[in-house]
Amino acid sequence: MFKREFKYYKSRCSPPLFDNVLNFDLNVCHNSEVTKKRPIVSSEHKNCSKYGLVDVKQWKIFEFLDKLGLIFIVNPFTNQGQQYWVEQCLQEYTKKPNKLNIDPFKELQPGEELWETAQKQDGLLKKLRWATLGYHHNWDTKEYSEKARDEFPPDLAELSRLIVRAIGDRAGDSYRAEAAIINFYHLDSTLSGHKDVSEPNMTSPLLSVSFGQSAIFLVGGDSLDDPVKAMFLHSGDIVVMSGPARCYYHGIPRIVPTHPEDRPWVGGGWELTAAGRYLDTSRINMNVRQVLLPGEESIKR
Ligand code: OGA
Ligand code: MN
């Protein structure tokens, strides 16, 4: 099921129809596949605007009835909030000690920073695919280790916490954001189907925040044969994989160019900044995880 759907939406020689792709921007309130959830407001949410979010009472939160724990939050960011996070991803989170996919290629001289260098070195940004923060995911061993751990950005940790609290996740107060992958996609990028199972903590939710160009997101189930759902992720949208959906198969078969009128950076006053121009042909995804079990301070082996 999953592989067939992935191939269908990925195909360039026979472009897919989008009829069966759920679009939360349109009429999903009346969709029988999801139920609307009321945000859980806590005192921490008075900080929403500090983190670029609109008032939590206005968030539109949906849960899939046949994939419990799979939650969709329709863009809860202000336009300026989106700009802040996009700039953090490009300018701050790409700085050392964070790890980048291009590190082994020695594109940067010692002390040089990616974003600054990219302003004068054409083609460098095209090579950027991911940055890891906090516990750095080891793509070969698929394990986290104390030897590859740096401070997690406090702003992203707090944003993550506000999201987890707003959906009333059972991780509650013990939730900590400890690892993130910032994914950078071009118009022809894909992310194959996978489960995220490297984290010792498999009960805390996975958070996924999207900016820039839209994507088609596929979610299956525990098995590759389970039914698959396709949905659009637009700039600002958040997907939470929690409870049973925490370890479901998922992937991105296609980036879909966003209509210029639907681009929050266009007309938002930042379309002419370097970050805004980057988004004209790119998508950014902040993928946040808790690694440790509640009460633990380090990885136990
Ligand atoms: C991941 C992931 C999804 C996305 O980084 O593990 O599933 O929307 N990303 O980019
Ligand atoms: Mn994933």
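Small disclaimer: the values here were computed from a predicted structure and weren't measured. Counting convention: from 1, in listed order, for ligands and their atoms alike.
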Check: F62 and L22 side chains under 4.5 Å, non-hydrogen atoms:
no
Do the side chains of W270 and N79 get nearer than 4.5 Å, heavy atoms only?
yes
Residue and atom name of the nearest protein heavy atom (relative to [atom]), distance in Å to one decimal:
{"atom": "atom 8 (O) of ligand 1", "value": "R283 NH2, 2.8 Å"}
{"atom": "atom 9 (N) of ligand 1", "value": "N287 ND2, 3.2 Å"}
{"atom": "atom 10 (O) of ligand 1", "value": "Y185 OH, 2.5 Å"}

Is any NZ, NE, NH1 or NH2 atom of the basic residue among E33 and K229 found under 4.0 Å from an Asp or Glu carboxylate oxygen of the other?
yes
Do the side chains of R263 and D280 get close enough for a salt bridge, i.e. N-O under 4.0 angstrom?
yes
Does [X] approach ligand 1 within less than 4.0 angstrom via side chain, backbone, both or neither, non-hydrogen atoms only?
{"X": "V239", "answer": "neither"}
{"X": "L191", "answer": "side chain"}
{"X": "I181", "answer": "neither"}

Taking the six-membered ring for Trp and the full ring for Phe, Tyr or His, determine whether the centres of Y144 and H136 are under 6.0 Å apart.
no
Report yes if the distance between the aromatic ring centroids of Y84 and F77 is under 6.0 Å, otherwise no.
no
Tell me if the CD atom of E116 is crowded by more than 12 foreign heavy atoms within 6.0 Å.
no
Over 12 foreign heavy atoms within 6.0 Å of CD, Q119:
yes
Quick check: does S210 get an N/O under 3.5 Å from an N/O on ligand 1?
no
Show every donor-acceptor pair shorter than 3.5 Å between a side-chain atom in residues 233-242 and any protein atom, with sequence neighbours excluded, or say none if there are none.
{"residue": "H234", "atom": "ND1", "partner": "S214", "partner atom": "OG", "Å": "2.8"}
{"residue": "H234", "atom": "NE2", "partner": "N23", "partner atom": "OD1", "Å": "3.0"}
{"residue": "S235", "atom": "OG", "partner": "Q82", "partner atom": "OE1", "Å": "2.6"}
{"residue": "S235", "atom": "OG", "partner": "G212", "partner atom": "N", "Å": "2.9"}
{"residue": "D237", "atom": "OD1", "partner": "N75", "partner atom": "N", "Å": "2.9"}
{"residue": "D237", "atom": "OD2", "partner": "H234", "partner atom": "N", "Å": "2.8"}
{"residue": "S242", "atom": "OG", "partner": "G69", "partner atom": "O", "Å": "2.9"}

Under a 4.5 Å side-chain heavy-atom rule over Ile, Leu, Val, Met, Phe, Trp and Tyr, are W85 and L128 clustered together?
yes
Under 2.8 Å from the Mn ion (ligand 2), which protein N, O or S atoms do you find? Ignore water molecules.
H194 NE2, D196 OD2, H250 NE2
Within 45 degrees of the axis of the six-membered ring of Y185 and under 6.0 Å from its centre: does R283 put its NZ or CZ there?
yes
Tell me whether M286 reaches ligand 1 (any heavy atom closer than 4.0 angstrom to a ligand atom).
no
Determine whether any heavy atom of W130 lies closer than 4.0 Å to an atom of ligand 1.
no
List ligand 1 atoms under 4.0 Å from [X], heavy atoms only on the residue side.
{"X": "R289", "result": "1 (C), 5 (O), 6 (O)"}
{"X": "N183", "result": "1 (C), 5 (O), 9 (N)"}
{"X": "I252", "result": "4 (C), 8 (O), 10 (O)"}
{"X": "H250", "result": "7 (O)"}
{"X": "D196", "result": "6 (O)"}

Give me the one residue out of E146, R289, E199 that meets side chain to side chain contact (heavy atoms under 4.5 Å, CB included) with Y135.
E146
Would you compute the distance between atom CZ of R246 and atom CG of D196 and round it to the nearest 0.5 angstrom?
6.5 Å
